[in-house]
Amino acid sequence: MSEQLSAAFEQIVRQRRSVRGFTDQVVPRKTLERIFSLAGRAPSNCNTQPWDSYVVSGNTIETLRERLPQALMAGDYSMDFEYSGKYDGAYKERQYDAAARLYNAMGIERSDRDARTAAFARNFEFFGAPHAVFLFLREDFGMREAADLGMYAQTLMLGFTAFGLASCPQTALSFNAKLVRDVLGVDPHYKLLFGISFGYEDQNEPANDCRVERAALQQTTHFLD
Ligand SMILES: Cc1cc2nc3c(=O)[nH]c(=O)nc-3n(C[C@H](O)[C@H](O)[C@H](O)COP(=O)(O)O)c2cc1C
């Protein structure tokens, strides 16, 4: 295998990160089709390709950008998959570290609950992105198909990076699955796992200065001879 290919892969993987501020520049449809076709090369159990993607732009994303914050600020939640957001041990430490780094980049004090809430609410406005994709699974599918969907999503996000785009995967975009389904006209038998905002990175957004670390290899990976 060529060293060039390895270097290119490493660069794409290291360059991808969650971006939380986008310009309003739209991505040409042909580019989107190319990247989403590549994402479809992800592996899946028995090649079932159980992902159902809805890419929203234009009026559709603007409708959601208006209605999602309204609904969620009014306490109108309807999640298809349980999510407590509570972790313990090393998982909790990593969660706290990631949050601290993000709020630090944004200049928000830990004690400033209003500023933190306002920052979190930007999730529901897609961080200003001109596009997002919602990832659905048929209701009778389980963990294995959800894992397939994760592989698809990561292939997609690496594709965005390789094509000069940025993205942010967001469980927050699934907090009112019913509203999303209604606006998109999705069959109620399809359940919303998460969404991904994407577009061009806004270089002037302080949140985008955030960088999070990863655990040491030996903490997560066990090599057995
Ligand atoms: C499935 C999934 C859901 C996520 N949900 C959110 C979210 O709702 N809001 C957010 O700001 N970041 C969200 N993230 C981004 C994570 O915080 C981020 O991936 C993690 O901190 C690692 O940072 P990095 O993506 O910059 O490498 C999510 C990531 C994944 C994979």
Side-chain angles (χ1 to χ4, degrees), residues 9-22 39 42 50-54 64-65 68-69 71-73 77-87 90-106 108 115-129 132-137 141 143 145-162 165-177 179-180 191-199 201-203 205-217 219-220:
F9 177 69
E10 183 162 357
Q11 196 186 343
I12 291 165
V13 171
R14 291 194 183 279
Q15 210 167 294
R16 186 222 55 85
R17 66 185 209 286
S18 296
V19 157
R20 299 179 179 88
F22 298 84
W51 39 79
D52 253 276
S53 288
Y54 286 74
L64 287 167
R65 210 188 310 274
L68 269 180
L72 293 162
M73 289 302 125
Y77 284 70
S78 72
M79 293 186 80
D80 291 336
F81 298 94
E82 227 176 282
Y83 176 70
S84 76
K86 291 193 172 64
Y87 298 101
Y91 306 110
K92 186 174 178 174
E93 279 168 29
R94 293 171 194 160
Q95 178 188 28
Y96 274 43
D97 178 66
R101 284 169 185 268
L102 177 60
Y103 292 125
N104 195 32
M106 298 176 83
I108 296 173
R116 288 168 73 107
T117 304
F120 188 74
R122 296 181 61 247
N123 269 284
F124 311 130
E125 295 164 359
F126 304 91
F127 301 114
V133 55
F134 288 93
L135 302 172
F136 289 87
L137 267 186
F141 288 160
M143 285 253 280
E145 292 77 16
D148 294 340
L149 206 140
M151 297 185 209
Y152 170 86
Q154 171 68 340
T155 310
L156 182 62
M157 291 188 285
L158 294 179
F160 288 143
T161 302
L165 305 176
S167 62
C168 186
Q170 294 166 259
T171 294
L173 289 180
S174 67
F175 282 3
N176 192 326
L179 174 59
V180 173
K191 301 301 175 192
L192 177 57
L193 200 54
F194 62 100
I196 305 174
S197 296
F198 66 91
E201 177 176 351
D202 178 357
Q203 310 276 354
E205 167 57 57
N208 291 342
D209 291 336
C210 172
R211 299 287 183 280
V212 297
E213 296 299 322
R214 292 297 190 270
L217 183 66
Q219 280 180 30
T220 60

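First listed ligand is number 1; within each ligand, the first listed atom is number 1. Just so it is clear, the structure is predicted and the values come from calculations on it, not from any experiment. Along the sequence shown, residues carry numbers from 1.
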### Message
I'd like to check the side-chain contact (heavy atoms from CB on, under 4.5 Å) partners of R14; sequence neighbours left out, ordered by chain and number.
### Response
E10

### Query
CG/L179 to CG/L64 distance, rounded to the nearest 0.5 angstrom?
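L179 atom CG to L64 atom CG measures 6.5 Å (nearest 0.5 Å).
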
### Query
What residues form a ring-ring contact (aromatic ring centres under 6.0 Å, His included) with F120, not counting sequence neighbours?
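ring-ring contact (aromatic ring centres under 6.0 Å, His included) list for F120, sorted by chain: F124.
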
### Task
Write out all pairs satisfying salt bridge (Lys or Arg N to Asp or Glu O under 4.0 Å) with one or both partners inside residues 117-126, taking only residues at least two apart or from two chains.
R122-E205

### Query
Between T220 and R214, does a side chain to side chain contact (heavy atoms under 4.5 Å, CB included) hold up when you go through it step by step?
CA-CA 10 Å; T220 60; R214 292 297 190 270; over 6 Å; no

### Query
Is the number of heavy atoms from other residues, nucleotides or ligands under 6.0 Å of F9 CZ greater than 12?
no

### Query
Can you name the residues that come within less than 4.0 Å of ligand 1, going by heavy atoms only?
R16, R17, S18, R20, N123, F127, C168, P169, Q170, T171, A172, V212, R214

